[in-house]
2 protein chains.
Amino acid sequence: MSEDAEVARERVIESLEQSAEVYGLSRSAGRIYGVLYFATDPLSIPELVERTGYAKSTVSNVTRTLTRVGLIRRRSSDGGGRRVRFTAEREVWFIVQDVFQQYVYRELQTTHREIRRAERGLGDAGGADDAGGVEAERIRELRETYADLREIVELVSDLSAAELRDALESYER
Amino acid sequence: MSEDAEVARERVIESLEQSAEVYGLSRSAGRIYGVLYFATDPLSIPELVERTGYAKSTVSNVTRTLTRVGLIRRRSSDGGGRRVRFTAEREVWFIVQDVFQQYVYRELQTTHREIRRAERGLGDAGGADDAGGVEAERIRELRETYADLREIVELVSDLSAAELRDALESYER
DNA sequence: TGATTCGTTCGGCTTGAACCGAACAGAGCG
DNA sequence: CGCTCTGTTCGGTTCAAGCCGAACGAATCA
């Protein structure tokens, strides 16, 4: 690797470290992902230890987290004995979709359900009269909002990045 | 407020507390937003202290954060003496847009710039020969991805929730 | 002008996250 | 069977965040 390439690589990885922090991951996660992003072959934990400088235990924990989130993949299958090897998911859009699916959608769903539950325990008693029902109105508002957001997220995570961009660009108000 | 309404309100507020945590805010932020969400009038800090049970200093700090993020609004202007009063932004879509604009877009922009900078320090020397340029290729890939994401976020934050939903639903692949 | 009320700021406590080193369990190899 | 290498787990340390109470400056009111 040329000197320039090494410098550039390091800059990008530092950027990724920072991004990781913004999105609620640790710096180590950003660096490990970055190293894997540039690696031409899958890397094992000892290799990651050597290239990142982090302790083995840290690498073990962080790779587990990154795998769960979907940023990296674990190839324990193919040859090389006992070694577990990791590769980066480089299709960033997949990662974004995963996050939306796993976290955002899930959160929206949970909250939406909770709101409907609260609303139900209200509608039965209150019934027809809408007096004193500021709460009921506010809860209804919130429920509708969450339903909207849920649907939007659902639709978005069904499209590729290019499709989404296309859908947005071609939309005429 | 009826007994039922009180219970329902509390349930929803607890949900918001939890949501706040998911999105990287504190529980106190969720509760304070929730109390303001249901309040019919703007509330001052002492009133929030009374209704949330948090210390005055906590309320002061949290309200500042919430104001900065755009989840609540500060009305120091109109009458009522020195009191600062807060109202919740109940149009959740505005909040989402703000977050995208303030945090996501900003992060994408910063990283994108950093990547282009790294790429520039590379292209000049490497030039035409693409040998040994795995790094260059990877960086180019990443730059394009970030450009795409940036544009998507930009387009999204220009639409209302209804428009976005419409755009997605009416899109034919 | 005191006295009170309001909002901010400061120092301290507690808790949880990030990271480390060491100990451990299993698989392959001599 | 030892020995080595791998990956996980466990305790410990450090540091930042959340929250509190107290102190403070500014404004209002008696």
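Residue numbers start from 1 in every chain, and the chains themselves are labelled A, B, ... in the order their sequence lines are given, proteins ahead of strands. Excluded from the calculations below are hydrogen atoms, water molecules and symmetry mates; all remaining heavy atoms, backbone and side chain alike, are included.
Put simply, CD on B/Glu47 is 9 Å from P on C/dG7, counting in whole angstrom units. Here D/dC19 presents its P atom at 10 Å from CG of B/Asn61, a figure rounded to the nearest Å. The separation between A/Ile72 atom CD1 and D/dG7 atom P is 12 Å, rounded to whole Å. If you measure from atom CZ of B/Arg31 to atom P of D/dC19, you get 12 Å, rounded to the nearest angstrom. We find that CD of A/Glu21 is positioned 14 Å from C1' of D/dA17, with the value rounded to whole Å. D/dG7 atom P lies 19 Å from atom OH of A/Tyr54, rounded to whole Å. As rounded to whole Å, 15 Å separates atom C1' of D/dC19 from atom CG of B/Leu66. One can place CG of B/Leu48 at 18 Å from P of C/dT5, the figure rounded to the nearest angstrom.
Note that CG of B/Leu16 is 13.0 Å distant from CZ of B/Arg11, once rounded to the nearest 0.5 Å.
Taking only side-chain nitrogens and oxygens, A/Arg27 never comes nearer than 4.0 Å to OP1 or OP2 of D/dC15. A/Ser60 has a side-chain polar atom (N or O) that falls below the 4.0 Å cut-off from OP1 or OP2 of D/dT8. The side chain of A/Arg64 places an N or O atom within less than 4.0 Å of a non-bridging phosphate oxygen (OP1 or OP2) of D/dT9. Phosphate contact (OP1/OP2 of D/dC20, side-chain N/O of B/Ser57, threshold under 4.0 Å): absent. The side chain of A/Thr58 places no N or O atom within less than 4.0 Å of a non-bridging phosphate oxygen (OP1 or OP2) of C/dA18.
Here the shortest heavy-atom pairing between A/Leu43 and A/Glu47 reads CA-OE1, 3.2 Å. Residue A/Leu159 comes nearest to A/Gln97 through the heavy atom pair O-NE2, 2.6 Å, listed as atom of the first residue, atom of the second, then distance.
When each of D/dT6, C/dG7, D/dG21 is scored by its nearest atom to the side-chain atoms of A/Arg83, the top-ranked nucleotide is D/dT6. In this structure, of C/dT9, C/dC19, D/dT8, it is D/dT8 that holds the atom nearest to the side chain of A/Arg74. Listed nucleotides C/dC20, C/dC6, D/dT6 differ in distance to B/Pro46; the shortest reach to its side chain belongs to C/dC6. Nearest nucleotide to the B/Ser26 side chain, out of D/dC19, C/dA18, D/dT8: D/dC19.
With A/Phe86 as the aromatic partner, A/Arg75 does not meet the cation-pi criteria of under 6.0 angstrom to the ring centre and within 45 degrees of the ring axis.
Interface remark: the B/Lys56 side chain does form a donor-acceptor pair with the C/dG7 base, using a distance-only criterion of under 3.5 Å.
Using modelled atom types and a 3.5 Å distance limit, the side chains of A/Arg85 and A/Ser44 yield no donor-acceptor pair.
Mapping A/Ala29 and B/Ile45 onto DNA chain C by nearest heavy atom places B/Ile45 at the nucleotide closer to the 5' end.
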